[in-house]
Novice: 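Here you go, one structure.
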Amino acid sequence: MKEFPKQYNFKESEQAIYALWEKSGFFRPEKIRSQKKYTNILPPPNANGELHLGHASGYAVMDIFGRFERMRGKKVLLLPGKDHAGIQTQVVFEKKLKSEGTDARQLGRTDFYRQALDFTLKNAEYMRSQEKRVGISADWSREKFTLDPQISKVAMETFVKMYQDGMVYKGKRIINWCPSCATSLSDLEVIHKEKEGKLYFIKYPFKNSEEFITVATTRPETMLGDTAVAVNPKDSRYFRFIGKTIMLPLMKREIPLITDRRIDMNFGTGAVKITPAHDMLDWQIGKDNNLEEIQVINEQAKITELGGRFKGQSTLEARANILSDLKKLDLFEKEETVKNSISLCERCKAVIEPLVSLQWFINVDAEKFSLKKEAIKSIKAGKINFYPENFKKIMLQWFNGLNDWCISRQIWWGHQFPVWYCQCSSEEPIVSLERPKACPKCGSQKIIQDENTFDTWFSSGQWAYTSLGFPNGSDYKNFYPSQMMVMGRDILFFWAARMVMMSLYRTKNVPFKNIYFTGLIRDREGNKMSKSRDNGIDPLQMIEKFGADALRLSLVMDISAGQDSRLYEEKIENYRNFVTKLWNIARYAKTSVPDFCLIKKLKKNSIKTVSNRWIITNLNQTIEEVTKFMEEKNISLAQERLRNFTWDDFADWYIEINKMEKNPEVIGFVLDKIIRLWHPFAPFVTEKIWQEIEAKNKMLMISEWPQKTACVFPTKEKKYFQDLKNLVTKIRNIKANYRIKPADRIVAYAENFAEKSIIEKLAKIRILKYPKNEAKLVRVEFGDKKIFLDILSKVDLKKELINMERELDVLKTAIEKHKNLLKNPGFLKKAAQEQIVSARERLLGYQTNLKEKNEIMGNFKKLV
RNA sequence: GGACGAUUAGCUCAAUUGGCUAGAGCAUCUCGUUUACACCGAGAGGGUUAUAGGUUCGAGUCCUAUAUCGUCCACCA
């Protein structure tokens with residue numbers, strides 16, 4: 001017989017086991033014969049860095065559900081992929097180029113793209129190896145990349161189709177511009193940060209007048225592009241000035257004083273300088289009032305030639321110079337310190353410059369197909385289940401306030417627009433997947449492609465169907481829409497919402513039936529993990545140290561969907577201990593029982609005795625509850641229930657304490673079920689145990705999820721055994737604590753002779769009489785009061801009185817619980833009530849309080 | 001400004017529809033055990049479930065306020 005290793009060596013086992021799984025081919029759904037399908041398209045990580053805890057926790061969740069469904073006999077497809085991650089990769093890769101002493105411009109677009117692709121693909125391979133270490137049972141043969149030709153083609157087609165349907169347009173609008181990344185950004189890619197700033201009060205003199213109006217601004221440099229000053233129409237302070245002309249200082253340009261309801265009278269002076277080219281609200285006001293847009297800041301955040309003598313200065317230089325000039329002219333009134341929020345680029349944290357620029361937009365509320373309304377409709381119709389549920393509300397709210405989506409980016413890394421221009425008319429785009437051979441208008445062959453690339457979320461927003469080979473691929477036909485989607489709650493809008501919209505448009509169906517959000521993993525203090533804080537935990541390091549199973553368990557313990565959690569080494573260590581415990585349970589079974597094997601079905605006569613019946617009944621309940629929790633997507637509760645059964649009931653009680661009643665067959669049976677139940681959570685150690693004991697070809701990964709066995713006893717009796725267990729434990733403790741020989745002092749009445757002897761054996765006490773009239777009641781008495789008090793006299797009286805009260809509570813509970821077993825419940829209820837109340841009063845000398853009395857009465861009332 | 005979430009043991013979190021004694025893990029203390037497992041076992045202490053009201057026979061759970069913390073969205077001239 002093979003020696004069962006003394007210690008679980010996860011380092012050796014994990015790689016071998018993963019190789020075994022992969023080789024078996026069961027990661028591919030084709031290998032599983034079943035009609036029922038389960039698809040989970042894994043969120044493609046950005047292929048430009050390392051695997052981090054966020055990925056790991058998502059993968060743990062997905063793999064747990066995936067393995068669970070696979071064991072339940074479903075054709076499971078976990079589809080992995082990688083994202084090219086437009087701007088982020090561009091930033092990362094440009095840094096790399098810089099460190100190599102070159103830059104994008106030197107390389108040129110074609111070479112840059114080629115090298116970035118090379119870099120990304122290499123990195124994708126590296127990340128794939130890291131993903132495997134987490135143990136994810138994904139079908140690697142199907143792995144996709146957002147820049148794969150087939151996937152790109154479908155994504156581009158969507159754009160062409162949208163163009164034809166009048167859902168995209170090219171327009172000059174004010175957009176968020178990142179001077180550092182040199183590209184436009186969607187609203188979502190801009191983050192706001194509260195910061196202390198200065199509010200400058202500047203006098204704007206009226207034309208041919210000594211009077212002036214004071215405006216307040218945080219960005220004086222934009223005044224070069226002012227085309228009006230606005231006040232609220234209700235603001236009586238300025239009534240007399242309305243319609244007058246202002247001489248814009250420094251620029252000596254005439255600008256009007258206009259009114260607009262959007263101006264807040266209470267902020268600053270109530271008068272606002274309007275710069276349509278460099279402010280979101282000003283742009284709106286400018287549109288409504290037909291104001292000129294004067295761009296005085298360029299894409300590098302420098303002043304343009306329209307900024308007169310400040311041309312070429314950076315915005316900060318210009319600000320200082322403008323302020324000093326104003327001071328010289330005595331037009332500077334004062335400055336105040338204010339808190340205001342500044343806009344930053346999500347990726348590089350540079351300050352955003354709002355600029356007017358020619359960009360491509362998706363009209364989210366187009367006539368032909370309203371992405372916004374269709375999304376709202378299907379979510380309201382309940383076509384997607386949200387975990388947690390309240391995220392549905394958050395998403396709906398977002399859709400309601402959704403504005404047009406800027407999808408063009410001025411970077412090189414990503415999908416270039418399938419849009420072409422001929423020299424003859426740069427205004428008229430030709431939208432087509434293929435480069436046109438000649439201009440349809442003038443026949444010229446000099447055709448250039450639009451320089452823009454797509455927002456990375458435009459392609460990942462289509463991932464749900466592109467990755468499955470939409471529109472004709474067999475995977476699309478077989479596996480769309482997927483059953484499950486798991487993602488971090490931080491990309492709810494970026495990705496989940498966009499996927500819903502895009503999928504509805506192209507497939508007329510929702511992209512997934514269920515969506516589960518994971519929270520952020522924080523450090524011990526609850527801080528975000530970040531490089532600057534240096535508080536990050538590297539998942540690979542943890543796997544090295546504690547094993548993949550321990551890491552997985554620690555990532556899904558104590559969590560609920562959408563809620564942030566904290567992680568630190570002790571937590572992972574704690575789960576490593578549990579993995580060891582599982583191992584040792586198996587090792588004990590295998591080494592202490594001759595010819596031990598896992599038992600699938602139990603013979604009826606193996607479960608005659610009380611503790612066997614008890615453990616089996618408890619196992620049944622565990623299977624039932626764990627399955628239910630898993631179906632409800634509640635990993636934490638499933639795991640907790642399972643852990644309690646495994647450790648407390650099976651290992652500590654059935655095997656350890658209950659030395660006389662255990663049955664090898666029952667151990668084989670329970671262990672068989674336990675390792676199946678644990679497999680989704682801790683796949684490696686359970687598979688290893690299975691291989692050690694079974695040593696057959698079949699793998700645990702594809703064995704069946706346990707079913708409840710035919711219930712050996714009526715469920716109502718389950719509690720009875722639980723109490724029996726508790727009573728025995730209690731007796732043992734009393735013996736231990738008081739250091740007495742309790743044989744003649746503690747008396748137990750048992751249901752029948754068999755149980756009487758069990759209690760005698762287990763608790764090592766002598767059972768006195770077996771009174772006929774006590775029926776099925778199990779009761780512990782503390783002997784004669786006198787004897788009990790004798791014991792008390794030897795120890796601290798106060799402490800023992802408290803203990804005595806507790807023991808009486810146990811008695812109360814036991815009586816309460818078993819009243820259902822009695823044929824005449826009324827009798828016992830009354831008896832129990834009297835007994836408890838009087839006992840307490842007698843012992844502690846206080847009156848039963850009103851609340852408790854009410855509680856008892858309430859319960860009784862309900863029963864009657 | 002709008003929305004959402006949270007507040008339970010020293011710490012991290014549970015508590016499935018309002019219901020049996022509010023539970024785990026870590027930490028602390030006591031005892032036990034050294035051939036399944038010191039990566040162990042049995043116990044104990046520790047809670048006015050943020051506060052104040054309300055509904056109910058019964059509230060951690062439902063309602064109404066308040067406080068504190070957090071997140072997201074919008075705006076900030």
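Naming: A, B, ... by sequence-line order, numbering from 1 per chain.
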Novice: Sort and list the pairs that fulfil side-chain hydrogen bond (donor to acceptor under 3.5 Å, both in side chains) and have at least one residue in residues 629-640 of chain A, not counting sequence neighbours.
Specialist: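 Counting only pairs at least two positions apart or across chains, the side-chain hydrogen bond (donor to acceptor under 3.5 Å, both in side chains) contacts touching residues 629-640 of chain A are R72(A)-E631(A).
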Novice: Between W678(A) and F578(A), how do the two ring planes meet: parallel, tilted or perpendicular, split at 30° and 60°?
Specialist: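 If you compare the ring of W678(A) with that of F578(A), the planes turn out tilted.
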Novice: Have a look at R219(A) and say if it touches a base, only the backbone sugar-phosphate, or nothing, with a 4.0 Å heavy-atom cut-off.
Specialist: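 Touches nothing.
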Novice: Between E12(A) and K688(A), is there a salt bridge with N-O shorter than 4.0 Å?
Specialist: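 No, no charged N to carboxylate O under 4.0 Å.
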Novice: Cationic tip of R587(A) within the cone over Y8(A)'s six-membered ring, i.e. under 6.0 Å and within 45° of the normal?
Specialist: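 No, R587(A) does not sit over the ring of Y8(A).
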Novice: Checking Y204(A) against D226(A) for the side chain to side chain donor-acceptor pair (under 3.5 Å) test, could you report, in this order, the C-alpha distance in whole Å, the side-chain angles of both residues, the deciding distance, and whether it holds?
Specialist: CA-CA 11 Å; Y204(A) 277 27; D226(A) 282 0; 2.6 Å; yes
Novice: Can you tell me how far P of U16(B) sits from CD of E631(A), to the nearest Å?
Specialist: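 Roughly 18 Å, once rounded to whole Å.
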Novice: Rounded to the nearest angstrom, tell me the gap between atom CD1 in I491(A) and atom P in U71(B).
Specialist: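 For the pair I491(A) CD1 and U71(B) P, the rounded distance is 19 Å.
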Novice: Select base, sugar-phosphate, or nothing to describe what S592(A) touches, counting heavy atoms under 4.0 Å on all strands.
Specialist: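 No contact.
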Novice: Would you indicate which nucleotide in A74(B), A36(B), C4(B) comes nearest to any side-chain atom of D187(A)?
Specialist: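 Per side-chain heavy atoms of D187(A), the pick is A74(B).
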Novice: For the side chain of K581(A) and the base of C37(B), is some donor closer than 3.5 Å to an acceptor across the two?
Specialist: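 Between C37(B) and K581(A), which were checked side chain against base, a qualifying N/O pair under 3.5 Å is present.
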Novice: Between U30(B) and A36(B), how many Å separate the two P atoms, rounded to a whole number?
Specialist: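 Rounded to whole Å, the distance is 27 Å.
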Novice: Using whole Å, report how far CZ of F267(A) lies from P of G1(B).
Specialist: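 After rounding, the reported distance stands at 14 Å.
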Novice: Compare the minimum distances between each of A42(B), G2(B), U16(B) and the side chain of F629(A), then state the nucleotide with the smallest one.
Specialist: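 In terms of side-chain proximity for F629(A), the closest of A42(B), G2(B), U16(B) is U16(B).
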Novice: Using whole Å, report how far NZ of K590(A) lies from P of C37(B).
Specialist: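 Going from NZ in K590(A) over to P in C37(B) covers 18 Å.
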Novice: With Y568(A), which residues qualify under side-chain contact (heavy atoms from CB on, under 4.5 Å), at least two apart?
Specialist: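 In terms of side-chain contact (heavy atoms from CB on, under 4.5 Å), with neighbours along the sequence ignored, Y568(A) is linked to R524(A), R566(A), E570(A), K571(A).
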Novice: Determine the interatomic distance between P on U28(B) and the same-named atom on U7(B); round to the nearest Å.
Specialist: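 The answer is 27 Å between these two P atoms.
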Novice: With rounding to the closest Å, how many angstrom separate the P atoms on U17(B) and C62(B)?
Specialist: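 Result for the P pair: 10 Å, nearest Å.
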Novice: Kindly write out the residues that satisfy side-chain contact (heavy atoms from CB on, under 4.5 Å) with A228(A), not counting sequence neighbours, or none if the list is empty.
Specialist: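 Per chain and number, A228(A) pairs via side-chain contact (heavy atoms from CB on, under 4.5 Å) with P256(A), I258(A), I274(A), L291(A).
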Novice: G41(B) P sits how many Å from F650(A) CZ, rounded?
Specialist: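 Rounded to whole Å, this separation is 15 Å.
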Novice: How would you label the contact of K393(A) with the nucleic acid (heavy atoms, under 4.0 Å): base, sugar-phosphate, or nothing?
Specialist: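 Sugar-phosphate, no base atom in range.
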Novice: Return the minimal non-hydrogen interatomic distance between Y575(A) and A550(A), and the atom names on each side.
Specialist: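 Heavy-atom minimum between the residues: CB-O, 3.7 Å.
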Novice: Between U8(B) and G60(B), how many Å separate the two P atoms, rounded to a whole number?
Specialist: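 Those two atoms are separated by 15 Å.
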Novice: Consider the side chain of F493(A), meaning its heavy atoms from C-beta on, and name the nucleotide among U16(B), C73(B), G41(B) that approaches it most closely.
Specialist: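 My answer, after comparing the listed nucleotides, is C73(B).
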Novice: Measuring from the side chain of K6(A) (C-beta onward, heavy atoms only), which nucleotide among G41(B), C4(B), C37(B) has the closest atom?
Specialist: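 Selected nucleotide: C37(B).
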Novice: Taking atom P in both A6(B) and G18(B), compute the distance separating them and give it to the nearest angstrom.
Specialist: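 Each nucleotide's P atom is 16 Å from the other's.
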Novice: Contact class for I585(A) (heavy atom, under 4.0 Å): base, sugar-phosphate, or nothing?
Specialist: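 It contacts base atoms.
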Novice: Checking salt bridge (charged side-chain N to carboxylate O under 4.0 Å, His left out) for the pair R319(A)/E221(A): CA distance, chi angles, key distance, verdict?
Specialist: CA-CA 5 Å; R319(A) 179 181 299 183; E221(A) 65 276 14; 2.9 Å; yes
Novice: Checking contacts here: which listed nucleotide (C37(B), U16(B), U71(B)) is nearest the side-chain heavy atoms of N584(A)?
Specialist: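 Between C37(B), U16(B), U71(B), the one nearest the side chain of N584(A) would be C37(B).
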Novice: Rounded off to whole Å, could you give me the CG-to-C1' distance for the L492(A) and C4(B) pair?
Specialist: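 It works out to 12 Å between those atoms.
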Novice: A52(B) and U16(B): how far apart are their C1' atoms, nearest whole angstrom?
Specialist: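 Approximately 30 Å lies between the C1' atom of A52(B) and that of U16(B).
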Novice: E569(A): what forms a side-chain contact (heavy atoms from CB on, under 4.5 Å) with it, not counting sequence neighbours?
Specialist: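 With sequence neighbours excluded, E569(A) shows a side-chain contact (heavy atoms from CB on, under 4.5 Å) to M542(A), K545(A), F546(A), given in chain and number order.
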Novice: On RNA chain B, does the nearest nucleotide to R643(A) precede the nearest nucleotide to R587(A) from the 5' side, or the other way round? Give the residue.
Specialist: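 Result of the comparison: R643(A).
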Novice: In this structure, how many angstroms lie between the P atom of G23(B) and the CG atom of L642(A), rounded?
Specialist: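 Computing the L642(A):CG to G23(B):P distance gives 21 Å.
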Novice: Less than 4.5 Å apart, any side-chain heavy atom of P220(A) and any of I202(A)?
Specialist: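 Yes, side chains in contact.
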Novice: Looking at every strand, decide which applies to D282(A) at a 4.0 Å heavy-atom threshold: base, sugar-phosphate, or nothing.
Specialist: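 Nothing, no nucleic acid heavy atom in range.
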Novice: For a quick check, with a 4.0 angstrom heavy-atom cut-off, what is the B/S/- contact string for nucleotides 9-15 of chain B, read 5' to 3'?
Specialist: ---BSSS
Novice: What stem regions, each of at least 3 consecutive Watson-Crick or G-U pairs below 3.5 Å, can be found for RNA chain B?
Specialist: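 For RNA chain B the paired stretches long enough to count as stems (3 pairs minimum) are B:1-7 with B:67-73, B:10-13 with B:23-26, B:28-32 with B:40-44, B:50-54 with B:62-66.
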Novice: By nearest heavy atom, map K628(A) and F578(A) onto RNA chain B; which one lands nearer the 5' end?
Specialist: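 Here K628(A) is the residue nearer the 5' end.
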Novice: For A9(B) and C26(B), measure between their C1' atoms and round to the nearest Å.
Specialist: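 Here A9(B) and C26(B) have their C1' atoms 12 Å from each other.
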Novice: How many whole angstroms separate atom CG of N390(A) from atom C1' of A6(B)?
Specialist: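 My rounded result for the distance is 11 Å.
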Novice: Please walk me through it: do T222(A) and K273(A) pass side chain to side chain donor-acceptor pair (under 3.5 Å)?
Specialist: CA-CA 9 Å; T222(A) 62; K273(A) 58 189 266 325; 2.7 Å; yes
Novice: Quantified in whole Å, what is the P atom distance between nucleotide A24(B) and nucleotide A44(B)?
Specialist: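 Going atom to atom, P in each nucleotide, I get 10 Å.
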